[in-house]
Amino acid sequence: MTWQPSNSVEQDRYDKLQRLRAADINPYPNRVHRTHTTQEAIAAYEQAEAQHPDAPADIPVTVSGRIMRQNLKGKIYFGHIEDGSGRVQLMIRFNDIGEAMFGHVRQNLDLGDFVQATGTMMRTKMGEVTVRVEALVILSKALSPLPVIKERKLEDGTIERYGEFSDVEERYRQRYTDLAVNQHVRDVFRIRAKIIRTMQRFLDDKGFLEVETPILQPIYGGAAARPFVTHHNQLHQDLFLRISFELYLKRLLVGGFDGVYEIGRDFRNEGVSYKHNPEFTMLELYQAYADYHTMMAITEEMLAKVAQQVSGAMTVSFKGHEINFGPPWRRVTVRDLIKQHLEIDYNDYPTAAALEEEMRKSGLEVSSGLPRGKLIETLLEAVEPKLIQPTFVLDYPIDISPFAKKLESDPTHVERFEIFIGGMEIGNAFTELNDPLDQEARFLEMARLYRSGEDDATPIDEDYLNAMRYGMPPCGGLGIGVDRVVMLMTNQTTIREVVLFPHLRARE
RNA sequence: GGCUCCGUAGCUCAAUUGGCAGAGCAGUUGACUCUUAAUCAAUUGGUUGCAGGUUCGAGUCCUGCCGGAGUCACCA
């Protein structure tokens, strides 16, 4: 089925396309001959103007971009084109380009078309640096209309926008349209790239090696989540999309790398929310000869650096809060935190049943029969929204932390912390368990505790145990949810605003 | 998955108690050779998310479905 215009606007544009073709103008030529970006053209003129204010030198330019505003005024046309660097105004006069070409400008140009303009830089009477066009080439004809958004610069420099493209569903389904007309959306993704690059540089400078590990895994593990399943046809093998990188990255420490990290996609087959997308970007790093204290130091230093890069300061505003990333961050144990906020000392309730009863008494809704570690996690989740400033929450119950080493002072707890900022969990880290026999026992205990119910136990990764038996150095490991960091740094309240193509249900 | 709210022109939104589906922008035609939310005049454009129902009459009320948002649940 070939495309048909679906409304009169598209029909008009299609007619224009045909008229251009009839006039022997290719609306989609192969070559572009740009000499300046729009901002380079403006800068070049301003420089010439600075040198000779009365008679600036001629600056011949060829610029290219998408028409974002146009205004035909009799025999003179003004329009703005936009490229990746910004916008510049074009002025096209009948006398400058002749009747035939002006006819096309008049009749066949639309908002959204890409054009190439050759001319000389000038400043209009209204004071705007502008390309006075001598030749115009159409680079790409747009058949569908972009949403029309008009902008006016107010005296204080802020930009007032008239018209919007704000339908959330359409913005996500047609992100290209969203990006094309919403500069502030593009800015979020520029910052996102900067955040990731800052993390990579930071870790590279610390001597970490960036690696890539399998996304398709025969056995999934390293986190608590349901996986997506797929199938390799030739091998007749079911494969899982990874839910974490953990077990592969630690194999690399066995292999002799002292420090590795990976930034990539995890997939979890669970509900979506303002902070959950089925696929999301994770940073995981592992460092030999280190522990969770080392991981806290790295986290503080790295995110402070990211904040600095993004905002030029240690503080970032998020949902009306000023969040200060300057180290050192608050450190508090899980137990103390829960005591402070909920007035429950879980050490007073040594069994799951006793703790569950006490939680009910305090008015918390708890599903019955949960293991004690899960109950403590539920208590922590009740406090989570109150943790706005960066906080390390330390020392978790062992039964929800199968990959972390026990505290030397308390074998029921492990050297683990989670990072909370802006009321969200941002990351998770441990002093990594490197005792292969303890690890095997933990796997078996997990399998026993979570055998029942639909959350079938994670399969035991025998090869991972095999690797550990060859000797794994003492190490610290850290995972950080990159999307959530981007939310914090760009003051976005939903993960969908920091993921270019968030998952949406298929439309009919 | 539960509950609440939302879906009207390409975009942003109106539409009284159930009573002729409208506006601005964009588009089209005309005027205008320094405009910039250009302006002025005229004008096109609708399966009101989909399918049923109630009614003389449904954008509006009812049922189901589709999609989205919020919230709760789920997320060892």
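Note that this is a predicted model, so its numbers are computed, not measured. Naming: A, B, ... by sequence-line order, numbering from 1 per chain.
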Undergrad: Going by the angle between their ring planes, with limits at 30° and 60°, are A/Phe403 and A/Tyr464 parallel, tilted or perpendicular?
TA: perpendicular
Undergrad: Just the table, please: protein N/O against nucleotides 2-6 of chain B N/O, every pair under 3.5 Å.
TA:
none

Undergrad: My understanding is that only residues two or more places apart in sequence, or in another chain, count here; which of them pass salt bridge (charged side-chain N to carboxylate O under 4.0 Å, His left out) with A/Lys141?
TA: A/Asp110, A/Asp113
Undergrad: Using whole Å, report how far CZ of A/Phe94 lies from C1' of B/U33.
TA: 10 Å
Undergrad: Just to be sure I understand the rule, does A/Lys275 reach a base, reach only the sugar-phosphate, or reach nothing, if contact means heavy atoms closer than 4.0 Å?
TA: nothing
Undergrad: Can you sort out the partners of A/Pro214 under side-chain contact (heavy atoms from CB on, under 4.5 Å), two or more places apart, ordered by chain and number?
TA: A/Gln217, A/Tyr248
Undergrad: So which atom in A/Ile426 and which in A/Leu488 form the shortest heavy-atom distance, rounded to 0.1 Å?
TA: CD1-CD1, 3.7 Å
Undergrad: The side chain of A/Val148 is closest to which nucleotide in this list: B/U28, B/A26, B/C34?
TA: B/A26
Undergrad: What one-letter contact string describes nucleotides 41-48 of chain B from 5' to 3', where B marks a base within less than 4.0 Å of any protein heavy atom, S marks contact via sugar-phosphate atoms alone, and - marks no contact?
TA: --------
Undergrad: Donor-acceptor pair under 3.5 Å: do we get one between A/Asn95's side chain and the base of B/U33?
TA: yes
Undergrad: Just how far, in rounded Å, is P of B/G67 from CG of A/Leu504?
TA: 11 Å
Undergrad: Choose from B/C34, B/A31, B/C74 the nucleotide whose nearest atom is closest to any side-chain atom of A/Arg106.
TA: B/A31
Undergrad: Any side-chain donor-acceptor pair under 3.5 Å between A/His413 and A/Asp410?
TA: yes
Undergrad: For A/Arg442, enumerate each residue passing the salt bridge (charged side-chain N to carboxylate O under 4.0 Å, His left out) test, keeping only those at least two apart in sequence or located in another chain.
TA: A/Asp438
Undergrad: Return the value, rounded to whole Å, for the distance between atom CG of A/Asn277 and atom C1' of B/C75.
TA: 14 Å
Undergrad: Could you give the CD-to-C1' distance, from A/Glu169 to B/G68, as a whole number of Å?
TA: 4 Å
Undergrad: By side-chain contact (heavy atoms from CB on, under 4.5 Å), which residues pair with A/Glu40, not counting sequence neighbours?
TA: A/His36, A/Thr37
Undergrad: How many whole angstroms separate atom CD1 of A/Ile495 from atom P of B/A69?
TA: 13 Å
Undergrad: Extract from the structure each pairing of a protein N or O with an N or O of nucleotides 37-39 of chain B at less than 3.5 Å, listing the distance.
TA:
residue, atom, partner, partner atom, Å
B/A37, N7, A/Tyr162, OH, 3.2
B/A38, OP1, A/Lys150, NZ, 2.7
B/A38, OP2, A/Arg69, NE, 3.0
B/A38, N7, A/Asn71, OD1, 2.5

Undergrad: Expressed in angstrom and rounded to an integer, what is the separation of A/Glu377 atom CD from B/A76 atom P?
TA: 6 Å
Undergrad: Which part of the nucleic acid does A/Met122 contact within heavy-atom distance under 4.0 Å: base, sugar-phosphate only, or nothing?
TA: base
Undergrad: With heavy atoms under 4.0 Å as the rule, sort A/Arg173 into base, sugar-phosphate or nothing.
TA: sugar-phosphate
Undergrad: How many whole angstroms separate atom CD of A/Gln174 from atom C1' of B/G10?
TA: 11 Å
Undergrad: Got a sec, which residues hit side-chain contact (heavy atoms from CB on, under 4.5 Å) with A/Arg186, two or more places apart in sequence or on another chain?
TA: A/Glu82, A/Leu179, A/Gln183, A/Arg190
Undergrad: Using the C1' atom as the point on both nucleotides, what is the distance between B/A69 and B/A9, in whole Å?
TA: 23 Å
Undergrad: Please, which pairs that meet ring pair (Phe, Tyr, Trp, His ring centres under 6.0 Å) have at least one residue in residues 154-178 of chain A, sequence neighbours excluded?
TA: none
Undergrad: Between A/His276 and A/Thr494, name the one whose nearest nucleotide on RNA chain B is closer to the 5' end.
TA: A/Thr494
Undergrad: Which nucleotide sits closest to the side chain of A/Ile400: B/A76, B/C34, B/C25?
TA: B/A76
Undergrad: Please examine the side chains of A/Met468 and A/Glu432, heavy atoms only from C-beta on, and report whether any two atoms are closer than 4.5 Å.
TA: no
Undergrad: Check the phosphate of B/A69 against A/Arg496, side-chain N and O only, distance under 4.0 Å to OP1 or OP2. Yes or no?
TA: yes
Undergrad: State whether a side-chain donor-acceptor pair under 3.5 Å links A/Gln11 with A/Asp15.
TA: yes
Undergrad: Rounded to whole angstroms, how far apart are CZ on A/Arg505 and C1' on B/G49?
TA: 15 Å
Undergrad: Apply the side-chain hydrogen bond (donor to acceptor under 3.5 Å, both in side chains) test between A/His80 and each candidate in A/Glu128, A/Arg66, A/Gln70; give the one that qualifies.
TA: A/Glu128
Undergrad: Do you see a donor-acceptor pair shorter than 3.5 Å between the side chains of A/Glu358 and A/Tyr349?
TA: yes
Undergrad: Among all residues two or more places apart in sequence or in another chain, which pass the salt bridge (charged side-chain N to carboxylate O under 4.0 Å, His left out) test with A/Arg132?
TA: A/Asp96
Undergrad: Would you please name every residue forming a side-chain contact (heavy atoms from CB on, under 4.5 Å) with A/Asp238, sequence neighbours left out?
TA: A/Val229, A/His231
Undergrad: Please list every stem that involves RNA chain B, where a stem is a run of 3 or more consecutive Watson-Crick or G-U wobble pairs with both pairing distances under 3.5 Å.
TA: B:1-7 with B:66-72, B:10-13 with B:22-25, B:27-31 with B:39-43, B:49-53 with B:61-65
Undergrad: Applying a 4.0 Å non-hydrogen cut-off, can you work out what A/Ser273 is touching in the nucleic acid: base, sugar-phosphate, or nothing?
TA: nothing
